[in-house]
Structures are given as structure tokens and as C-alpha cells.
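All remarks here apply to the structure that follows.
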Amino acid sequence: KRQRSTYTHTRESFMDVYNILREELMKDPVVQSHPSHAKEWFQEVLDYNVPGGKLNRGMAVYDVLAAIKGAEALAEADVLQANALGWCIEWLQAFFLVADDIMDGSITRRGQPCWYKQEKVGMIACNDYILLECCIFKIIKQHMAGHPGYLKVMELFHEVTYQTAHGQLLDLTTAPQGRVDLSKYTLDTYMRIVTYKTAYYSFYLPVACGMVLAGITDPQAYATAEDILLDMGRYFQIQDDYLDCYGDPEVIGKIGTDIEDNKCSWLICTALQHASQEQQDIIKAHYGASDPASVAHIKELYEKLDLEAKFKAYEAQSYATLSQRIAEQTAMPRLVFTSLLDKIYKRCK
Ligand SMILES: COc1ccc2c(CC(=O)O)coc2c1
């Protein structure tokens with residue numbers, strides 16, 4: 001069935017699907033048979049943690065499907081299915097964020113207190129992030145049963161969860177809280193962290209989901225997409241690290257604290273690569289310290305090492321290489337990749 005009334009893909013239409021999925025999950029017999037306090041708790045876990053982000057990852061699944069099949073070829077059921085898978089990526093992110101905030105001892109997330117910081121929650125949040133992950137497979141079962149790509153999607157979410165957990169393992173053991181062993185802050189390790197912790201779920205997963213729904217089965221198409229999208233995801237995170245230090249807090253919606261937080265960021269790894277012995281001593285003395293004077297010393301060092309220019313050069317190089325690779329590939333309509341690249345390139349938030 002072709003689409004009669006053209007669907008317009010907006011945050012509002014995407015949020016409508018959240019409400020459908022949340023009601024489906026609340027209707028689950030296990031939840032329905034709970035005493036009301038437990039039903040309310042489960043609903044709050046979803047409403048507090050799943051919506052509230054920028055929804056870029058979730059909304060990208062429909063965009064990919066429409067780019068491959070043509071929006072006019074999609075039936076209402078196809079649109080719902082794509083948005084349901086998109087929300088599975090937002091659920092996956094909610095699961096990681098609730099867990100990561102506990103591990104990092106974070107205070108706020110998306111402008112509100114972290115879920116575990118709620119008086120009544122604490123370590124109950126550990127069970128809550130498990131429930132968030134379980135919802136992914138309830139939604140996939142509900143919306144992909146009977147689809148030829150059901151198993152592929154199931155494998156995708158298991159594989160990307162595994163990759164992301166390995167990214168978090170690497171990040172936690174490279175940059176443990178408190179004083180840091182700077183010898184671990186190499187660009188190679190940094191690239192591995194961002195590949196596994198961010199690039200797979202933020203860029204490869206949304207596109208791979210769209211490809212499955214579009215009926216693409218050729219393994220080479222997925223390999224080509226992975227190659228391009230991991231590079232895009234690495235560029236995205238390096239840009240994120242740059243914005244944390246040089247972005248306008250008004251625009252990015254938060255004040256960057258990577259220097260105070262000891263973060264293994266592209267800036268510090270690049271600084272260490274070019275720093276003299278004396279400059280390394282300054283980094284050792286001041287990186288990861290929260291007092292403003294220490295932060296100022298690090299930013300002064302970033303100035304001296306001209307990291308802004310180094311980032312701009314990397315950004316231009318990365319964009320050129322990605323554009324070239326996108327133009328050369330024949331696996332998919334270029335729009336699949338260019339729509340994402342245009343969203344992140346030179347973004348301010
Ligand atoms: C999947 O493509 C994306 C993923 C993430 C983003 C972001 C930042 C964010 O939402 O965290 C801007 O554009 C995107 C495009």
C-alpha cells in the first residue's frame with residue numbers, strides 16, 4: 001500500500017510513537033498485574049529517562065528508510081515500524097546513560113537530576129537500567145515479529161550493546177576517576193574508546209536498522225556503511241570534545257567540564273602528543289583538578305599548542321575524506337550518509 005497522506009517526520013510525530021510504545025509496555029501482563037506503586041514506578045523509569053534527549057539517533061532510522069525506498073513508497077505501517085526501531089535506540093541510550101551516570105557519579109543529565117540521584121531511587125537504578133534494556137526486545141518482538149529482518153535486528157542490538165559496553169570498559173579503565181595516568185591518554189586509545197562507546201550505537205546502529213527495514217541483505221553493504229559511519233562517529237565525538245571546551249555554553253546547553261573531569265578527550269590526547277616535557281608537567285599538575293586556576297592553566301596550554309587550529313584542520317580533512325568515500329560508494333543512495341554528515345558537520349550543539 002503506498003502512502004496516501006504524506007507523513008511529516010518531526011519530533012512531535014516521533015514523540016507520538018513513544019506514547020504508543022510506552023502504552024504497549026504498560027499493557028504487558030507482568031506490568032498490568034503489578035500493585036499500583038510498582039506500575040507507577042515502571043512508568044516513571046520510562047518517562048523520566050527515555051524521552052528528553054535530542055532524539056537525533058532515533059529519528060535517523062526513518063530518514064534512512066525513506067532515503068533508500070523513497071518516502072512516498074512507505075505505508076503507515078512501515079513508518080510506525082521504523083520509528084519503533086528508532087525508539088529502541090533511544091531506549092538503548094537511556095539504559096547506558098542511567099548506568100554511566102552511576103559509574104561516573106554524575107549529578108545532572110539532560111538538565112535534570114540523574115535518575116539514581118533521586119531520593120527514592122539510589123541503587124534501585126541498577127535494576128531500572130536492566131528494565132530499560134529489556135524493553136528494547138519487547139518492542140522488537142511487538143513490531144518486528146514476522147519481518148524477515150527480525151533476527152538481524154535482534155543481533156544488531158545485542159552486538160551494538162556488546163560493543164558499547166566494551167567502549168565503556170576501555171573508557172573506565174583508561175580514565176579512572178581521580179588522578180589520571182597520562183601515559184594511557186594516546187590518540188589510538190582515544191579512537192578505540194569513541195569507536196566502541198559512541199560511534200556504533202550513534203551512527204552505525206540507526207543506519208543498519210534502516211537498511212534492514214529497506215530489505216538490504218548484502219553483507220558488503222553493511223560493511224561499507226560501517227566503515228563510513230564509524231569514521232563519521234569518530235569525527236562527531238572529536239567535535240563534541242572540541243565543543244565542550246570551545247563551544248558556547250548557551251548554544252550547547254551545558255558548560256563543558258571535560259578538563260575538570262579528567263576526560264580522555266581528543267584535546268588532551270592531542271596536547272600530550274605535542275607537549276614538551278615542561279608542558280607535560282603542567283598537564284600532570286593541573287588536568288583533572290576542579291579549581292578554576294588549574295582549568296585556566298590547561299586552556300592556556302591548549303592556546304599555546306594551537307589546538308583550535310589543529311581541530312579545524314582535522315575537521316576539514318575529515319569532511320573531505322568522508323565526502324569522497326560517500327561519493328565513491330555504490331551500496332546505498334548517498335542521501336543516507338550526506339543527511340547525517342550535514343547534520344553534524346560544523347554543528348554547534
Ligand atoms: C544519527 O545521527 C546523529 C546522531 C547524533 C547527533 C547530534 C547530537 C546528539 O543528538 O547528541 C546532532 O546531530 C546528530 C545526528
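Both counts, for ligands and for their atoms, begin at 1 and track the order of listing. Remember, predicted model here, so these are calculated numbers, not experimental data.
Between E300 and K304 there is a salt bridge, since at least one side-chain N of the basic residue sits less than 4.0 Å from a carboxylate O of the acidic one. Salt bridge absent: E133 and K138 never bring a charged side-chain N and a carboxylate O closer than 4.0 Å.
For E278, the CD atom is loosely surrounded, since the number of other residues' heavy atoms within 6.0 Å does not exceed 12.
For H297 and Y287, the gap between ring centers reaches or exceeds 6.0 Å.
Close approach of ligand 1 to L340 (heavy-atom distance below 4.0 Å) involves ligand atoms 1 (C), 2 (O). Atoms of ligand 1 found under 4.0 Å from any heavy atom of I344, numbered from 1 in the order shown, are 13 (O), 14 (C), 15 (C). For ligand 1, the atoms sitting less than 4.0 Å from at least one non-hydrogen atom of R57 are 4 (C), 5 (C), 9 (C), 10 (O), 11 (O), numbered in the order shown with element in parentheses.
Counting only non-hydrogen atoms, the option in S202, G58, P206 that gets closest to atom 1 (C) of ligand 1 is S202.
Remark: minimum distance from atom 3 (C) of ligand 1 to any protein heavy atom is reached at F203 CE2, 3.7 Å. Atom 10 (O) of ligand 1 has as its closest protein heavy atom N56 ND2, 2.7 Å.
Using a 30° and 60° split on the angle between ring planes, Y7 and H9 fall in the tilted class, from 30° to 60°.
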